[in-house]
Participant: 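Have a look at the structure that comes next, please.
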Amino acid sequence: MATRTSISTQIAIIGGGPAGLLLSHLLRRSGIENVVLELRDREYTIERVRAGVLEQDAVNLLTDAGLGDRLHHEGQRHDGIYLQYNGSRHHVSFRELVGRSVWVYGQQEVVRDLIDAHDEAGTPARYSVSDIELDNVADGPATVRFTQDGEEFELTADFVAGADGAHGVCRPSIPAAEKTTYQREYPFGWLGILAHVQPSTDELIYALHERGFAMHSMRSDTVSRLYLQVDPHDDITNWSDDRIWDELDLRLGTMGWTLERGEIFDKSITPMRSFVSDPMRFGNLFLVGDSAHIVPPTGAKGLNLAIADASYLHDGMVAWYRNGDASGLDEYSPRSVKRVWQIQHFSAWMTRMLHRFEDSTDAENPENPDYDYQVQLGQLSQLCESPRGMSHLAEIYTGLPFLSHPH
């Protein structure tokens, strides 16, 4: 058996996406040693296109952590969204309703800022690692075995933060008897595109159309991000650029408004699902981000939940290492899970309100297949005519507060 190189740290972080890198950055700034292990190579981690909306408190946290320069210079502050139905568009003004905003700033840009910060501090993640194995996470100190560049390592740590996503090794390391999982598969997916064209809107458009959901977002002043509800099993090769633009034009169209077209340089179909694993802690292993929960993207909450998890776990770790106070670590899972279910509710509510469902036919009245669609139109008109209803949407969309640990 080959000899393993032994290393040690206080926190082993599995996963170099936004959750893992942010947790590492926050811990380092608080004087807590950690090592980040990432399966993918560095360039893949930087270039992976993901979510693009940051809540108010997420922006505040990133700014306070020294990560706000490019975000505030290149990101776009949005003070509302548009809801569209029956060919009519209605503005939900976050600033007027709750005095808060969101920022359009791609997840890959957040990751790039974090990687730059780690490079500057001399604490880059270990990329392209393989064969990760966890041992003794129930009562610690934990052992993490892995391979990098053909060399085998054994990392000893007080705690392990599992930020390695839905298909990582951390959540399966929790015995089945020690967790409960909840999930829902949606009968549709999102066909998403990136296009070299100036956005045709100043703020995000969420549209319910009889042919399905559509959304107009953006990444910059010259790059637009748009989505269509499609069959999750459809083949992207069935969707030519012209077909995509025609369908977007149809679902997003309103009188006097023009959807500008441009070169599509990225397109894919992503299935939609909801998932929660509870609890988010097993012994000295803590789950962070997508390793513990997934939400449909309608509410723009996946990245923000990961940032909240990292913030909460950082608070607990600081209290433990500075004062020997374990209450923050003990509260991490119930605190995070409570927030997760609140956001699951919001994301499911937005998803059901804005998408056509295959099961919308009334079994007792098959001649009326559009009953649910008419109910959705009624829901949207009720919402858009109610300042209190729109205030509730604005409050959750701009973000539940990040409450600091009191100790």
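The figures that follow rest on heavy atoms only: side chains count, while hydrogens, waters and symmetry mates do not.
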Participant: Is any NZ, NE, NH1 or NH2 atom of the basic residue among Asp241 and Lys267 found under 4.0 Å from an Asp or Glu carboxylate oxygen of the other?
Facilitator: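 Salt bridge present between Asp241 and Lys267.
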
Participant: Would you name the heavy atoms of Ile193 and Arg225 that are closest together and state the gap between them?
Facilitator: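 Ile193 and Arg225 have their closest heavy atoms at O-CD, 3.2 Å.
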
Participant: For the pair His72 and Trp103, name the ring-plane relationship: parallel under 30°, tilted 30 to 60°, perpendicular over 60°.
Facilitator: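 Taking Trp103 first and then His72, their aromatic rings stand perpendicular (interplane angle over 60°).
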
Participant: Report yes or no: does Asn136 contribute a side-chain atom to a donor-acceptor pair with the main-chain N or O of Pro141 at less than 3.5 Å?
Facilitator: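 Side chain of Asn136 to backbone of Pro141, a donor-acceptor pair under 3.5 Å: yes, one is there.
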
Participant: Strictly below 4.0 Å, N to O, side chains only: are Asp372 and Arg356 in salt-bridge contact?
Facilitator: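 Arg356 and Asp372: not salt-bridged.
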
Participant: Parallel, tilted or perpendicular, judged at 30° and 60°: which one describes the rings of Tyr227 and Trp190?
Facilitator: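 It falls in the tilted class, 30° to 60°.
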
Participant: Do His118 and Thr123 meet the criterion of a side-chain donor-acceptor pair at a distance under 3.5 Å?
Facilitator: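 Result is yes, a qualifying pair exists.
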
Participant: Evaluate the ring-ring contact (aromatic ring centres under 6.0 Å, His included) criterion for residues Phe357 and Phe188: first the C-alpha distance (whole Å), next the side-chain angles of each, then the deciding distance (0.1 Å), finally the verdict.
Facilitator: CA-CA 8 Å; Phe357 281 75; Phe188 44 74; 5.1 Å; yes

Participant: Without hydrogens or angle criteria, can the side chains of Ser240 and Asp242 be said to hold a donor-acceptor pair below 3.5 Å?
Facilitator: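 Note: Ser240 and Asp242 side chains miss the donor-acceptor criterion.
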
Participant: Output, in order, the C-alpha distance, side-chain angles, deciding distance and verdict of side chain to side chain donor-acceptor pair (under 3.5 Å) for Ser88 and Asn86.
Facilitator: CA-CA 5 Å; Ser88 179; Asn86 265 346; over 6 Å; no

Participant: After noting the C-alpha distance and the side-chain angles of Asp119 and Arg42, does the key distance pass the salt bridge (Lys or Arg N to Asp or Glu O under 4.0 Å) rule?
Facilitator: CA-CA 12 Å; Asp119 287 347; Arg42 179 184 169 109; 2.5 Å; yes

Participant: If we ignore hydrogens and angles and just use 3.5 Å, is the side chain of Arg352 paired with the main-chain N or O of Gln376 as donor and acceptor?
Facilitator: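 No.
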
Participant: Is the distance between the ring centroids of Tyr312 and Tyr332 less than 6.0 Å?
Facilitator: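 Not under 6.0 Å, so no.
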
Participant: Hey, what's the ring geometry for His90 with Tyr85, parallel, tilted or perpendicular (30° and 60° as the breaks)?
Facilitator: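 Ring orientation, 0 to 90° scale: parallel.
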
Participant: Return yes if some donor-acceptor pair links the side-chain N/O of Ser224 with the main-chain N/O of Val197 below 3.5 Å, else return no.
Facilitator: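 It does hold such a pair.
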
Participant: Return yes if a side-chain donor-acceptor contact under 3.5 Å exists between Asp309 and His293, otherwise no.
Facilitator: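 Note: Asp309 and His293 side chains meet the donor-acceptor criterion.
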
Participant: Whether the side chain of His209 engages the backbone of Ala214 through a donor-acceptor N/O pair (distance < 3.5 Å, no angle test) should be reported.
Facilitator: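 Not confirmed, His209 side chain does not pair with Ala214 backbone.
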
Participant: Are Asp221 and Gln76 linked by a side-chain donor-acceptor pair shorter than 3.5 Å?
Facilitator: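 Yes - a donor-acceptor pair under 3.5 Å links their side chains.
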
Participant: Report yes if some heavy atom in the side chain of Leu97 is under 4.5 Å from a heavy atom in the side chain of Arg388; otherwise report no.
Facilitator: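 They are not in contact (no side-chain heavy atoms under 4.5 Å apart), so the answer is no.
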
Participant: Is the backbone of Gln344 close enough, under 3.5 Å, to the side chain of Lys301 for a donor and an acceptor to pair up by distance?
Facilitator: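 No, because the side chain of Lys301 does not come within donor-acceptor range (under 3.5 Å) of the backbone of Gln344.
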
Participant: Is there a donor-acceptor contact under 3.5 Å linking the side chains of Ser101 and Asp79?
Facilitator: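 Indeed, the side chains of Ser101 and Asp79 share at least one donor-acceptor pair under 3.5 Å.
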
Participant: Ignoring hydrogens and geometry beyond distance, is a side-chain donor-acceptor pair present between Trp320 and Asp325 at under 3.5 Å?
Facilitator: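 No, Asp325 and Trp320 have no side-chain donor paired with an acceptor closer than 3.5 Å.
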
Participant: Does atom CZ of Arg40 have more than 12 heavy-atom neighbours, drawn from other residues, nucleotides or ligands, at distances under 6.0 Å?
Facilitator: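 No, not enclosed.
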
Participant: Which heavy-atom pair separates Leu252 from Ala207 by the least distance, and what is that distance?
Facilitator: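 Residues Leu252 and Ala207, closest heavy atoms: CD2-CB, 3.8 Å.
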
Participant: What's the shortest heavy-atom distance between Ala19 and Ala310, and which atoms?
Facilitator: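 Shortest heavy-atom separation between Ala19 and Ala310 comes out as O-CB, 4.0 Å.
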
Participant: A side-chain contact here means heavy atoms from C-beta on lying under 4.5 Å apart; do Leu287 and Ile174 qualify?
Facilitator: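 SC-SC contact between Leu287 and Ile174 confirmed.
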
Participant: With distance as the sole test, does Lys338 use its side chain to make a donor-acceptor pair with the main-chain N or O of Ser333 at under 3.5 Å?
Facilitator: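 Checked: no pair found.
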
Participant: Given Glu151 and Arg145, is the salt bridge (Lys or Arg N to Asp or Glu O under 4.0 Å) satisfied, shown in steps?
Facilitator: CA-CA 11 Å; Glu151 184 177 359; Arg145 300 183 185 89; over 6 Å; no

Participant: Once you measure the plane-to-plane angle for Tyr82 and His91, does it fall in the parallel (<30°), tilted (30-60°) or perpendicular (>60°) bin?
Facilitator: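 The rings of Tyr82 and His91 sit tilted, inter-plane angle from 30° to 60°.
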
Participant: Tell me whether Arg171 is salt-bridged to Asp290, with the criterion being a basic N under 4.0 Å from an acidic carboxylate O.
Facilitator: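 Salt bridge flag = no for Asp290 with Arg171.
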
Participant: Under 3.5 Å, is there a donor on one side chain and an acceptor on the other for Gln84 and Arg89?
Facilitator: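 Their side chains do contain a donor-acceptor pair, which is all the 3.5 Å distance test asks for.
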
Participant: State whether Arg112 and Glu74 are salt-bridged, where the test is any N-O pair (Lys NZ or Arg NE/NH1/NH2 against Asp/Glu carboxylate O) under 4.0 Å.
Facilitator: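 Salt bridge absent between Arg112 and Glu74.
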
Participant: Is Glu38 paired with Arg126 through a side-chain N to carboxylate O contact shorter than 4.0 Å?
Facilitator: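 Salt bridge flag = no for Glu38 with Arg126.
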
Participant: Could you give me the CA-CA distance, side-chain angles and deciding distance for Tyr182 and Trp341, then say whether ring-ring contact (aromatic ring centres under 6.0 Å, His included) is met?
Facilitator: CA-CA 11 Å; Tyr182 308 85; Trp341 279 115; 5.3 Å; yes

Participant: Are Asp57 and Arg100 close enough, and set up right, to give a salt bridge (Lys or Arg N to Asp or Glu O under 4.0 Å), and what steps lead you there?
Facilitator: CA-CA 9 Å; Asp57 278 10; Arg100 292 162 65 83; 3.5 Å; yes

Participant: First locate atom OG of Ser347, then atom CE of Met272, and finally report the distance between them rounded to the nearest 0.5 Å.
Facilitator: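 One finds 8.5 Å between OG of Ser347 and CE of Met272.
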
Participant: Would you check if the side chain of Arg4 reaches a backbone N or O of Phe153 as a donor-acceptor pair within less than 3.5 Å?
Facilitator: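 Checked: pair present.
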
Participant: If we only count heavy atoms from C-beta on, is the Trp257 to Ile205 side-chain gap below 4.5 Å?
Facilitator: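 In contact.
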
Participant: Would you say the side-chain atoms of Ser8 and Thr156 include a donor-acceptor pair closer than 3.5 Å?
Facilitator: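 No, because no side-chain N or O of Ser8 sits under 3.5 Å from a partner of the opposite role on Thr156.
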
Participant: Does a salt bridge link Arg211 with Glu247, judged by any charged N lying under 4.0 Å from a carboxylate O?
Facilitator: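 Glu247 and Arg211: salt-bridged.
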
Participant: Decide if atom CD of Glu96 counts as having more than 12 heavy atoms of other residues, nucleotides or ligands within a radius under 6.0 Å.
Facilitator: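 Not more than 12 within 6.0 Å, no.
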
Participant: By the definition ring pair (Phe, Tyr, Trp, His ring centres under 6.0 Å), identify the one residue from Phe213, Trp349, Tyr186, Tyr373 that meets it with His355.
Facilitator: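 Exactly one pass, corresponding to Phe213.
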
